[in-house]
Every structure is written in C-alpha cells, then in structure tokens.
Amino acid sequence: MVSFKELGLVNTREMFAKAIDGGYAIPAFNFNNMEQLQAIIKAAAETRSPVILQVSSGARKYANQTLLRYMAQGAVEYAKELGWENPQIALHLDHGNSFELCKSCVDFGFSSVMIDASSLPYEENIALTRQVVEYAHRFDVTVEAELGVLAGVEDEVVAEESHYTKPEEVIDFATRTGCDSLAISIGTSHGAYKFTPEQCTRDPKTGRLVPPPLAFDVLDEIMKKLPGFPIVLHGSSSVPQEYVDIINANGGRLPDAVGIPEEQLRKAAKSAVCKINIDSDSRLAFTAAVRKVFNEKPGEFDPRKYCGPARDEMEKLYVHKIKEVLGSDGKA
Ligand code: G3H
Ligand code: 13P
Ligand code: ZN
C-alpha cells in the first residue's frame with residue numbers, strides 16, 4: 001500500500017472546489033506514454049495549471065501500471081525541476097469498471113478513481129459506487145461516478161445510444177453513493193466521430209460538419225438539483241480540423257471526424273463542470289505530427305525525430321486547452 005501523498009500527488013477535492021468558485025475547469029488528460037506525459041507536465045508547469053493525469057484500463061494494459069505509477073511520481077519531480085514549486089497534479093483512474101480495479105489503484109498510489117457503473121441498472125450503479133467510495137475515502141482518495149450513458153465506446157463500457165443523465169436522479173445518487181464528483185451525459189461522446197453526418201448540419205462556406213449543441217438545459221437542471229456539486233464532462237475533444245486535414249493530407253483517412261466545438265466547452269467550464277476529459281485531441285496531434293515527418297522524410301527512422309515533433313505539438317495543444325478553453329492557467 002502506498003499513499004498518493006507520499007508521491008507528491010493531490011486528490012481532486014480542493015481542485016474542484018476552487019474551479020467551481022473560480023468559473024474554470026481542470027484539464028483531465030489521458031496518457032499512455034512518456035511523450036504525452038512530458039507534454040502534459042510541460043504545459044501545466046508553463047501555465048501553472050492544476051492537472052489530472054488519467055490512466056484508462058487500456059493504458060494500464062498497454063504501459064504497465066507499475067511503470068505508469070512511477071511515471072506519475074516522476075512527473076511531480078519533473079514539474080518541480082521546471083520551476084513549478086507546488087505542483088497540483090492528480091493521478092486518476094479513468095473508467096474503472098470494477099471494485100477490484102479501483103481498489104488496486106487506490107492501493108497503488110492513485111489519488112482519484114472513477115467507478116463507471118453507468119451501464120448497470122440504477123440500484124447496482126449505486127451499490128458498486130458506494131462500495132468504491134467507502135474504500136477510497138479511507139485513504140482520502142476521491143471518487144468520480146457516472147450517471148447516464150454516453151454514446152459510443154466508453155473504454156470497455158459500450159452503449160448503443162446516448163441516454164442523457166436524468167436530473168431527477170442526481171440528488172438520490174449523490175447522497176446515497178457519497179461520490180465526490182459526477183460524470184454526466186449531455187451529448188458528448190468518446191473518440192473522433194462524436195456525431196454522424198446525419199446528426200450535423202454543414203457550414204455552407206467550408207463544407208465542414210457543424211454538430212448539434214450540447215444539452216445545456218439538462219446541465220442547468222442538474223446544477224439546480226445539486227448546487228456547487230462537481231460535474232465532469234467526458235468525451236470533450238474538439239477534433240481540431242487542422243489535425244484531421246494534416247492526417248488526411250499525409251496518407252491518413254479520417255472522413256467526417258467531428259468533435260465538440262470549443263465555444264461549448266468554454267461555456268461548460270464556467271459552470272459547475274469542473275473536470276473536462278480530453279484524450280482524442282492529443283492522439284490526433286501526435287498522429288498528425290508523425291504522419292507529416294514520415295511523409296516529408298521517408299528516410300527517417302530515429303523515433304526521437306518523429307516522437308519529438310509529436311510531443312511539441314501535443315504541448316501546444318495542451319497549452320491552448322488550458323489557456324483558451326478551460327481557463328485553468330495561473331490557478332496552481
Ligand atoms: O474514455 C476513453 C479514453 O479516451 C481512454 O481510451 O481505453 O483507448 O485508453 P482507451
Ligand atoms: P475524448 O475521446 O473526447 O477525448 O474523451 C476522452 C475521455 O472522456 C476520457 O475519459
Ligand atoms: Zn471518458
């Protein structure tokens with residue numbers, strides 16, 4: 001058993017309270033490798049933004065949980081080396097789907113876990129979430145739960161269609177589970193294809209897809225029921241068209257990829273939404289940079305020569321999200 005406090009990490013309690021008061025949101029960036037982690041820490045240190053490092057169960061399988069844990073510990077030291085005296089960094093399990101997985105992460109030094117039992121019947125979601133909360137809180141680890149189902153693939157949680165969170169359930173759910181934050185469904189979804197072309201309109205000037213707006217009325221209802229309670233938005237990548245274009249111009253094929261427009265995320269960040277999850281945009285930034293090098297320099301085979309530009313591009317993206325979308329710069 002190792003406490004996250006020994007690793008220099010923080011849980012999300014204070015981060016969220018300050019974010020709600022200050023009308024901004026904390027970035028939750030997924031990471032699977034060293035370059036992503038370097039880029040996240042450099043961006044957070046440069047902008048003095050609190051940050052949540054997220055590990056999915058897929059990332060655990062890909063990179064090994066021991067390695068990821070020590071990488072997060074190393075990230076705290078790296079942040080200090082970059083001149084960030086008091087780094088506010090949380091290590092969070094993204095979409096945990098069992099008590100055992102959440103317990104293992106708590107025992108292993110994570111400062112926050114998500115139990116995603118949103119695909120289970122309501123009472124089972126409550127029971128499993130409550131079990132995780134009881135264990136995690138013994139070690140001051142914060143717990144994110146989910147109510148409502150996002151469209152698309154949630155890691156290993158698969159949903160056929162989007163079911164918005166029902167505002168009438170949130171008080172009962174939050175009270176009975178004791179969760180610290182709640183992920184809700186208001187129209188976001190995971191990945192780079194958040195809406196089908198049929199769900200969108202087309203901008204007549206650019207020919208680009210324009211997605212339908214998020215269900216801010218549902219968010220408003222939830223905030224009325226749970227004033228000041230930390231709300232989380234998953235599936236919040238914007239799928240920047242410049243990356244999609246670079247990928248497509250350099251041998252890739254991402255037809256009709258579409259994300260959540262940044263204005264909508266800016267609006268959400270000013271509300272009780274205090275954690276915004278971004279993974280796909282970083283994957284796009286990485287892939288765009290790598291494809292460009294491969295296309296322009298077919299003789300290149302030193303991974304540092306294509307992972308380096310990819311890392312720089314991701315850092316640029318993270319700084320942009322922090323400063324221009326979430327507003328968390330200067331808050332740590
Ligand atoms: O919510 C899903 C995250 O983007 C993690 O994705 O399961 O492919 O690591 P992953
Ligand atoms: P995106 O696929 O929109 O980046 O969402 C990531 C996410 O919600 C991780 O939990
Ligand atoms: Zn998610």
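Start at 1 and go down the list; that is how both ligands and their atoms are numbered. Computed over heavy atoms, backbone and side chain alike; hydrogens, waters and symmetry mates excluded.
Residue-ligand proximity, His95 to ligand 2, at heavy-atom distances under 4.0 Å covers atoms 10 (O). Using a 4.0 Å cut-off to heavy atoms of Ser280, the atoms of ligand 2 that qualify are 1 (P), 2 (O), 4 (O). Below 4.0 Å from some heavy atom of His95 lie the following atoms of ligand 1, by number and element: 1 (O). For ligand 2, the atoms lying closer than 4.0 Å to a non-hydrogen atom of Asn30 are 9 (C). Those atoms of ligand 2 with a heavy atom of Gly191 less than 4.0 angstrom away are 2 (O). Heavy-atom proximity to Ile278, at under 4.0 Å, picks out these atoms of ligand 2: 4 (O). Ligand 2 places these atoms under 4.0 Å from at least one heavy atom of Ser236: 3 (O), 5 (O).
Between Arg202 and Asp256 there is a salt bridge, since a side-chain N of the basic residue sits under 4.0 Å from a carboxylate O of the acidic one. Remark: Arg176 does not engage Glu169 in a salt bridge, criterion side-chain N to carboxylate O under 4.0 Å. A salt bridge links Arg208 and Asp245; the closest N-O separation between the charged side-chain nitrogens and carboxylate oxygens is under 4.0 Å.
Among all protein heavy atoms, the one lying closest to atom 9 (C) of ligand 2 is Asp94 OD2, 3.1 Å. Of the protein's non-hydrogen atoms, Gly235 N, 2.8 Å is the one closest to atom 8 (O) of ligand 2. Counting protein heavy atoms only, atom 3 (O) of ligand 2 is closest to Lys194 NZ, 2.6 Å. Looking only at heavy atoms of the protein, atom 7 (C) of ligand 2 is closest to His190 CD2, 3.3 Å.
Heavy atoms of Asn30 found under 4.0 angstrom from ligand 1 belong exclusively to the side chain. Contacts with ligand 2 closer than 4.0 Å are made by no heavy atom of Ala192, backbone or side chain. With a heavy-atom cut-off of 4.0 Å, His234 does not touch ligand 1 at all.
For the residue pair Gly96 and Cys102, the shortest heavy atom distance occurs at CA-SG, 4.4 Å. Summarising the geometry of Asn125 relative to Ser118, their closest heavy-atom pair is ND2-CA, 3.7 Å, with the distance given to 0.1 Å.
Taking the N/O/S atoms of His234 in turn, the shortest distance to the Zn ion (ligand 3) belongs to ND1.
Remark: ligand 1 and Ser56 share an N or O pair separated by less than 3.5 Å (distance only, no angle test). The shortest N or O to N or O distance between His234 and ligand 2 is below 3.5 Å. Residue contacts with ligand 1: Asp279 is placed with a nitrogen or oxygen under 3.5 Å of a nitrogen or oxygen of the ligand (distance criterion only).
Of the candidates Ser56, Ser237, Ala28, the one placing a heavy atom closest to atom 1 (P) of ligand 2 is Ser237. Which of His190, Arg60, Met114, Lys61 comes nearest to atom 2 (C) of ligand 1 through a heavy atom is settled by distance: it is His190.
Other residues, nucleotides and ligands contribute over 12 non-hydrogen atoms within 6.0 Å of the CZ atom of Phe216. Other residues, nucleotides and ligands contribute over 12 non-hydrogen atoms within 6.0 Å of the CD atom of Glu168. Within 6.0 Å of CD on Gln199 lie more than 12 heavy atoms contributed by other residues, nucleotides or ligands. The environment of Tyr122 atom OH is dense: over 12 non-hydrogen atoms of other residues, nucleotides or ligands sit within 6.0 angstrom.
Not one N or O on the side chain of Asp180 forms a donor-acceptor pair closer than 3.5 Å with the backbone of Glu144. Between the Ser185 side chain and the Val149 main chain, a donor and an acceptor come within less than 3.5 Å of each other.
Vertex the Zn ion (ligand 3), arms ending at NE2 of His190 and NE2 of His95: the angle is 100° after rounding to 10 degrees.
Counted by atom type alone, Tyr135 and Asp107 present one or more donor-acceptor pairs between their side chains at under 3.5 Å.
Heavy-atom separations between Arg283 and ligand 1 include at least one value shorter than 4.0 Å.
No side-chain heavy atom of Leu265 sits less than 4.5 Å from a side-chain heavy atom of Leu326.
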